Amino acid sequence: MEREVDVAIIGAGTAGLFALRQVKRVTDSYVVIDGGQLGTTCARVGCMPSKVMIQTAEDHHHRHALAYEGIEGGMQIALHSPRALEYVRKMRDSFVEHVMGGPVSKLGDKLIRSHARFRAPGVIEVEGSTVRAKRVIVATGSRPVVPRAWQAFGDRVITTDQLFEQPSLPNSMAVLGLGVIGLELGQALARLGVEVTGVEMLQRVGGLGDDDVNAAAVEAMREEFPIWLGEKAQLAEGADGRVRVSAGDKSVEVDQVLVAAGRTPNVDGLGLDMLGLELDDRGVPAYDPETMKVPGAPIYIAGDANAELPLQHEARDEGQIAGYNAARGTAQCFRRRAPLSIVFSQPNVVTVGESWEKLAREDVLVGTCRFDGDQRSRIKHANRGVARIYADRRDGRLRGASMAAPDGEHLGHLFALAIQQGLTAVDVLRMPFYHPTVEERVQDALREIAGQTERQPDQPVDLELLHDDAQRQAAE
Ligand SMILES: Cc1cc2nc3c(=O)[nH]c(=O)nc-3n(C[C@H](O)[C@H](O)[C@H](O)COP(=O)(O)OP(=O)(O)OC[C@H]3O[C@@H](n4cnc5c(N)ncnc54)[C@H](O)[C@@H]3O)c2cc1C
Ligand SMILES: NC(=O)c1ccc[n+]([C@@H]2O[C@H](COP(=O)([O-])OP(=O)(O)OC[C@H]3O[C@@H](n4cnc5c(N)ncnc54)[C@H](O)[C@@H]3O)[C@@H](O)[C@H]2O)c1
């Protein structure tokens, strides 16, 4: 059986469903092909269940602070891990239901439940039939990487695909890889009472490129669980069915291992290698990030599948761009947003705009602020961390920021807005800063930058001079 359509979308995740919104506005001739579990990675096993677990962990952790506030009995609070995990799944189910009740429920026979494989650029093989599409959107997402040798440990070595499905939490765990997932879930598991050891082969955590911010993040995390940096993790059989985890000269035996060593795009098995496209070493075709178009083929690639910005809001944008263009057969360019990444550890680890690693040091001014003495952060028992703001040396225009900061998720949005709007450090300083908020603290960093760019140091730099006194007297 053959089916002919204008657009075929492979993958009903975030990118695929946002592409669908755009496609539906132009044509009724489309199919969505998905061979895996529906409901999106974000809602099923990603952003959402992880944030529920992090919230429970934060609430549990807060018991340590209660005694300071005169609230008794905090240390008698006990976590019931089977119920905590049940709660994660209950919340997760509601997020998945939300996705399934929306566009997916209206697809009818336009949803093909099969894995897809290209036979030619517009010809896709699905179970029992062929789809011929004028244009194809590849939105197949990504999956966790687990080295083959570690797979022999069975359910003692898991990823986030299994973590939230567990009936209860183990007594001890090693978290291998302290990138985004390892940092936020490693800390959450420690706060839930699991004895966690974190292992990262680099000297950096949370994808941080700024050494000062990295040092602050590591210091804060180490208050809660041991972190081994700079050596690759190795696994071996331990005593009594435990797993021995070693890195360099350190070693520990744990009940279970959470592998958070990165994700790989689901592009293998799609047959892209048979289409004569230029592929990178992960098998991802070259594409234009402003159009999502693969040059020389009627193919668009969006979301984690292109492995560029594996974040939910980027998957949404890329899906919309791909959908817009695929529906029309165009390659219209769209401006991408200021880069923003937030790790939901405490302190939040945030990078915005241009990264420190990519900026030429001689082109930027840096302003720093620390949160240890910050009054509002002290009240919240969260006074840890640092923020470093990068501004253009020529005009003070903000170019990037990196922080391990309390309320960093909100500060990150503030800086994303400022960077995207092309604001300078002085422009931001002249915005209101309410007292007492964590936001107040970033004035220190902005002032440090403004002190290096402003030509009138005796004027209060955070207030705009409307007209000078001489002008006013002349006017009177
Ligand atoms: C634990 C965790 C926490 C996260 N937290 C955050 C967060 O807080 N904030 C954030 O921004 N991002 C977060 N992310 C990342 C975010 O979840 C992803 O960037 C986003 O879900 C990617 O969406 P997607 O549409 O590209 O892929 P997906 O939602 O994975 O969709 C891909 C779809 O393609 C289907 N598919 C794959 N191969 C084929 C094939 N050959 N044929 C047919 N169908 C196929 C799959 O079944 C799937 O339904 C997190 C990820 C994880 C794992
Ligand atoms: N808050 C968020 O936005 C959020 C949360 C979770 C996941 N995500 C997305 O999911 C993606 C995948 O997350 P991730 O944390 O798995 O990947 P990652 O690339 O962020 O981190 C993987 C880390 O594992 C380390 N590593 C690899 N092999 C190792 C080994 N053998 N021993 C020790 N360390 C090892 C790497 O050096 C790296 O630091 C992220 O890139 C992100 O886009 C986002």
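For ligands, and for the atoms within them, numbers begin at 1 and follow the listed sequence. From a predicted model like this one, the values you see are computed outputs, not experimental measurements.
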Closest to atom 22 (C) of ligand 1 among protein heavy atoms sits D304 OD1, 3.3 Å

The protein heavy atom nearest to atom 6 (C) of ligand 1 is C47 SG, 3.4 Å

* Would E58 and K51 pass as an ion pair if we require N to O under 4.0 Å? -> no

- request: Report yes or no: do N325 and T291 form a side-chain donor-acceptor pair below 3.5 Å?
  value: no

Quick note on ligand 1: atoms under 4.0 Å from a heavy atom of A15 include exactly 25 (O)

Ligand 1 and P310, any nitrogen or oxygen pair closer than 3.5 angstrom? yes

Any heavy atom of R263 under 4.0 Å from ligand 1? The part involved is side chain

The answer for which part of S114 has a heavy atom under 4.0 Å from ligand 1 is backbone

With heavy atoms and a 4.0 Å threshold, my read on which part of C42 contacts ligand 1 is both

Checking heavy atoms under 4.0 Å, the part of K51 that sits near ligand 1 is side chain

Query raised in the report: Looking at D255 and R156, does any basic side-chain N land under 4.0 Å from a carboxylate oxygen?
Result: no

- [ ] Using a strict cut-off of less than 4.0 Å between a Lys/Arg side-chain nitrogen and an Asp/Glu carboxylate oxygen, indicate whether R44 and D93 qualify as a salt bridge.
- [x] no

Taking the six-membered ring for Trp, are the ring centroids of Y324 and F334 within less than 6.0 Å of each other?
-> yes

At under 4.0 Å between heavy atoms, what of L311 touches ligand 1? The answer is both

Quick look: A139 vs ligand 1, heavy-atom contacts under 4.0 Å, and the answer is backbone

| Pair D304, S142: side-chain N/O donor-acceptor within cut-off below 3.5 Å | yes

Worksheet item: Is the closest N or O pair between Q312 and ligand 1 shorter than 3.5 Å?
Response: yes

Honestly, for I10 the part within reach of ligand 1 (heavy atoms, under 4.0 Å) is side chain

Checking heavy atoms under 4.0 Å, the part of L270 that sits near ligand 1 is side chain

Ranked by distance from atom 51 (C) of ligand 1, the top protein heavy atom is G46 CA, 4.0 Å

